[in-house]
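For reference, the structure is listed below as C-alpha cells.
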Amino acid sequence: MSIRDMRLTYAAGSLLEPDMSPDPWVQFAQWFEAAKSAEAPEWFEANAMTLSTADTLGRVSSRIVLLKEFLPHGSGLGTLTFYTNYHSTKGLQIESNPQVSLCFHWGHLQRQLRIEGTAVKSDRAKSEDYFSSRPLESQIGACASAQSTIVASREELEQQMERWQELAQTSKLTCPDNWGGYDVTPRSFEFWQGRPGRLHDRLQYTWKESGWRLRRLSP
Ligand SMILES: Cc1cc2nc3c(=O)[nH]c(=O)nc-3n(C[C@H](O)[C@H](O)[C@H](O)COP(=O)(O)O)c2cc1C
C-alpha cells in the first residue's frame with residue numbers, strides 16, 4: 001500500500017461538551033486512566049508523551065519523555081512532571097525558554113491530548129526522592145550518560161557505565177546535580193477524539209484569569 005493510501009477511519013467514540021468536566025485536570029485523569037486500562041499492545045506506554053521545546057531563536061525540537069506524576073494543585077492549577085538531564089538539549093532549551101508543549105497519542109482510543117505550558121525545575125528533594133526510587137540500572141545510566149553530548153563510540157559509553165557499576169557496588173548512588181524533574185504548569189489542554197470523515201472533536205481548555213474556559217475547535 002502506498003503511503004498516500006494509508007489511513008484509518010476513526011469511529012471509536014465522540015467528545016461532546018456535556019461529557020467534559022469543567023476541570024481539565026479531572027478530564028485528564030479520566031483519559032489517562034482510560035489510556036492505561038484499555039486493551040493495548042504490550043509495548044504501549046500510556047505515559048509516553050512528546051515534549052517540544054524551542055530555543056530563543058524559535059528553533060523547535062521534539063522528543064518522547066515519560067510522564068512520572070501529575071498533580072492538580074487546586075484552584076485550577078497543577079503540574080505534570082518528567083525527569084531528565086538538565087544539561088541535555090531539552091534541558092538547555094528549557095533554561096533559556098521555559099515554554100513547552102506536551103502531546104500524548106493514545107492511538108488505541110483514537111485520542112490525542114495536547115498541553116501547552118511553562119516548565120520549571122522540580123524541588124531538589126522531589127528529584128532526589130524519585131531518583132532513589134528508580135531501579136539501580138537506571139540510576140547508573142543517569143550518572144554515566146552526559147545526555148545529548150557527543151561520544152566517541154559505544155565502547156566509551158559502556159566503559160563509563162562499568163565505572164559507575166563498580167562504584168555502585170561500594171557506595172549508594174546519589175542524584176546527580178544535573179539530573180532531575182521538570183514540572184510543567186499547563187495554560188491549555190486540548191482533547192481530541194477522532195471521528196469519521198475527519199470531522200474530529202476538539203475541545204480546548206484555556207486558562208483565563210482565574211478559571212478554565214472550554215471551547216470547541218474546528219477539526
Ligand atoms: C518511550 C521513550 C521514553 C523516553 N523517556 C525519556 C525520559 O523520561 N527522559 C529523558 O530524558 N529521555 C527519555 N527518552 C529519550 C528522549 O526521547 C531523548 O532521546 C533524550 O531525552 C535526549 O533528548 P534531547 O537531546 O532533545 O535533550 C525516551 C525515549 C523514548 C522513545
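Note that this is a predicted model, so its numbers are computed, not measured. Remember, it's 1-based here, ligands and their atoms both numbered in the order they're listed.
- Ring geometry for H200 against Y10 counts as tilted: the plane angle lies between 30° and 60°, on a 0 to 90° scale.
- H73 and T79 form a side-chain donor-acceptor contact under 3.5 Å, judged by distance and modelled atom types alone.
- No more than 12 heavy-atom neighbours from other residues, nucleotides or ligands sit within 6.0 angstrom of CD on E137.
- Annotation: ligand 1 has protein neighbours E45, R63, I64, V65, L66, Y83, T84, S88, T89, K90, Q147, S148, each with a heavy atom less than 4.0 angstrom from the ligand.
- Counting heavy atoms of neighbouring residues, nucleotides and ligands inside a 6.0 Å radius, atom CZ of R198 exceeds 12 of them.
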Name each donor-acceptor pair under 3.5 Å that joins a side chain in residues 159-174 to protein atoms two or more places apart or in another chain, with its distance.
unit_1	atom_1	unit_2	atom_2	d
T170	OG1	L167	O	3.1
S171	OG	L167	O	3.2

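- Q193 places a side-chain N or O within donor-acceptor distance of the main-chain N or O of L109, the cut-off being under 3.5 Å.
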